[in-house]
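Input: a single structure, listed below in structure tokens.
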Amino acid sequence: MQLDFYKIGTINEEELRFAVISAIYQNKWVYVRQKDRTTWETPGGHRDLGEAIIRTAKRELFEETGAVRIEIVPICDYSLNDSSGKRFGRLFFSTIIELDQLPDSEINEVNFFEMLPRNLTYAEIQPRLFEKTIEFLNAKEGS
């Protein structure tokens with residue numbers, strides 16, 4: 001598996017197949033657990049046909065966490081190249097201002113962490129996305 005990062009705009013938005021959202025609520029990182037898993041993952045999911053990628057990010061964040069008021073910005077695009085081929089996604093950062101009830105979905109639990117949880121669904125990918133988010137936040141603080 002190979003994971004590569006790109007500046008926003010390098011990849012044509014129509015090629016972006018999924019959105020992943022590094023999110024913070026009350027100064028803690030937000031991770032979700034699907035009903036059929038025991039591991040944690042960053043909120044996110046696949047883009048619907050004809051949907052703008054920012055809309056995908058907002059929809060997935062609501063569906064997987066119940067977030068109803070958010071601030072959200074893109075961080076970067078990335079590609080994942082594995083046995084399924086090369087696929088593109090966009091990484092976002094969101095501050096969740098208000099949570100409501102978790103909608104009926106594949107998500108069983110939302111939890112809040114001081115740092116990246118150990119028991120991750122995508123252990124090869126999520127730590128690198130987390131690092132990219134931290135780099136983004138550090139650069140934002142420095143400007």
Side-chain angles (χ1 to χ4, degrees), residues 1-113 115-140 143:
M1 182 212 61
Q2 183 172 339
L3 184 64
D4 293 308
F5 295 100
Y6 310 89
K7 289 183 180 182
I8 300 290
T10 305
I11 306 301
N12 183 330
E13 185 170 329
E14 292 181 9
E15 292 186 66
L16 301 173
R17 292 177 46 188
F18 41 84
V20 175
I21 309 95
S22 293
I24 288 183
Y25 177 68
Q26 297 182 345
N27 295 315
K28 292 193 177 180
W29 295 100
V30 178
Y31 284 85
V32 299
R33 186 176 58 78
Q34 290 194 19
K35 291 177 180 173
D36 61 345
R37 296 185 178 148
T38 60
T39 53
W40 296 102
E41 56 196 76
T42 309
H46 288 89
R47 178 181 181 187
D48 290 341
L49 187 63
E51 184 177 51
I53 197 69
I54 184 70
R55 177 70 192 117
T56 304
K58 291 175 180 179
R59 176 181 53 76
E60 288 290 344
L61 193 57
F62 168 72
E63 288 176 359
E64 295 192 358
T65 69
V68 291
R69 285 187 44 223
I70 64 170
E71 294 173 357
I72 190 165
V73 294
I75 295 175
C76 65
D77 292 338
Y78 66 95
S79 64
L80 177 62
N81 197 349
D82 60 14
S83 59
S84 300
K86 192 170 192 176
R87 301 175 313 275
F88 296 96
R90 180 164 290 168
L91 176 62
F92 291 85
F93 172 72
S94 178
T95 300
I96 298 174
I97 300 163
E98 182 181 346
L99 286 174
D100 203 345
Q101 287 186 332
L102 185 63
D104 187 27
S105 72
E106 74 275 10
I107 301 303
N108 188 54
E109 183 179 3
V110 178
N111 209 337
F112 311 99
F113 296 85
M115 288 300 296
L116 187 69
R118 293 178 191 251
N119 191 16
L120 296 169
T121 304
Y122 305 104
E124 294 180 17
I125 301 167
Q126 291 181 136
R128 297 208 36 220
L129 297 177
F130 185 77
E131 288 171 14
K132 204 68 174 167
T133 302
I134 297 298
E135 287 173 18
F136 170 79
L137 293 174
N138 288 340
K140 194 173 165 186
S143 59

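Hydrogens, waters and symmetry mates are skipped; everything else that's a heavy atom, side chains included, is used. Fair warning: this is a prediction, and the values are worked out from it, not measured in the lab.
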Problem - Non-neighbouring partners of Phe113 that pass ring-ring contact (aromatic ring centres under 6.0 Å, His included), sequence neighbours left out - result: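 By the ring-ring contact (aromatic ring centres under 6.0 Å, His included) rule, Phe113 matches Tyr31, Trp40.
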Exercise for the section: Check ring-ring contact (aromatic ring centres under 6.0 Å, His included) between Phe92 and all other residues, then give those that pass, not counting sequence neighbours. Expected result: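 Expected list: none.
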Could you tell me whether the side chain of [Y] reaches within less than 4.5 Å of the side chain of [X], counting heavy atoms only?
| X | Y | answer |
| --- | --- | --- |
| Leu3 | Glu124 | no |
| Arg33 | Asn111 | no |
| Leu91 | Val20 | yes |
| Phe112 | Asn27 | no |
| Val110 | Tyr25 | no |

Problem - Inter- and intrachain pairs under side-chain hydrogen bond (donor to acceptor under 3.5 Å, both in side chains), touching residues 90-108, at least two apart - result: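 Sorted result for residues 90-108: Asp77-Arg90.
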Exercise for the section: Only pairs at least two apart or in different chains count here, so list each side-chain hydrogen bond (donor to acceptor under 3.5 Å, both in side chains) that has a residue in residues 14-24. Expected result: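 Listed once each, the pairs are Ser22-Thr133.
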Return all side-chain donor-acceptor pairs below 3.5 angstrom for residues 56-66, not counting sequence neighbours, or 'none' if the list is empty.
| from | atom 1 | to | atom 2 | distance (Å) |
| --- | --- | --- | --- | --- |
| Thr56 | OG1 | Glu51 | OE1 | 2.7 |
| Thr56 | OG1 | Ala52 | O | 3.3 |
| Arg59 | NE | Glu51 | OE2 | 2.8 |
| Arg59 | NH1 | Glu63 | OE1 | 3.3 |
| Arg59 | NH2 | His46 | O | 3.0 |
| Arg59 | NH2 | Glu51 | OE1 | 2.9 |
| Glu64 | OE1 | Gly44 | N | 3.1 |
| Thr65 | OG1 | Leu61 | O | 2.5 |
| Thr65 | OG1 | Ala67 | N | 3.1 |

Could I get the full list of salt bridge (Lys or Arg N to Asp or Glu O under 4.0 Å) partners for [X], not counting sequence neighbours?
| X | answer |
| --- | --- |
| Glu131 | none |
| Lys28 | Glu114 |
| Glu135 | Lys132 |

Among residues at least two apart in sequence or on other chains, which ones pass side chain to side chain contact (heavy atoms under 4.5 Å, CB included) with [X]?
| X | answer |
| --- | --- |
| Ser83 | none |
| Met115 | Phe130 |
| Glu41 | Val32, Gln34, Arg37, Thr121, Tyr122, Gln126 |
| Gln26 | none |

Practice task
Provide the closest heavy-atom pair for Leu16 versus Gly89 in the form atom of the first, atom of the second, distance.
Solution key: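 Heavy atoms of Leu16 and Gly89 come nearest at CD2-O, 3.5 Å.
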Handout entry: Heavy-atom closest contact (Ala23 atom, Ile96 atom, distance)
Key =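 Scanning both residues, the minimum pair turns out to be CB-CD1, 4.0 Å.
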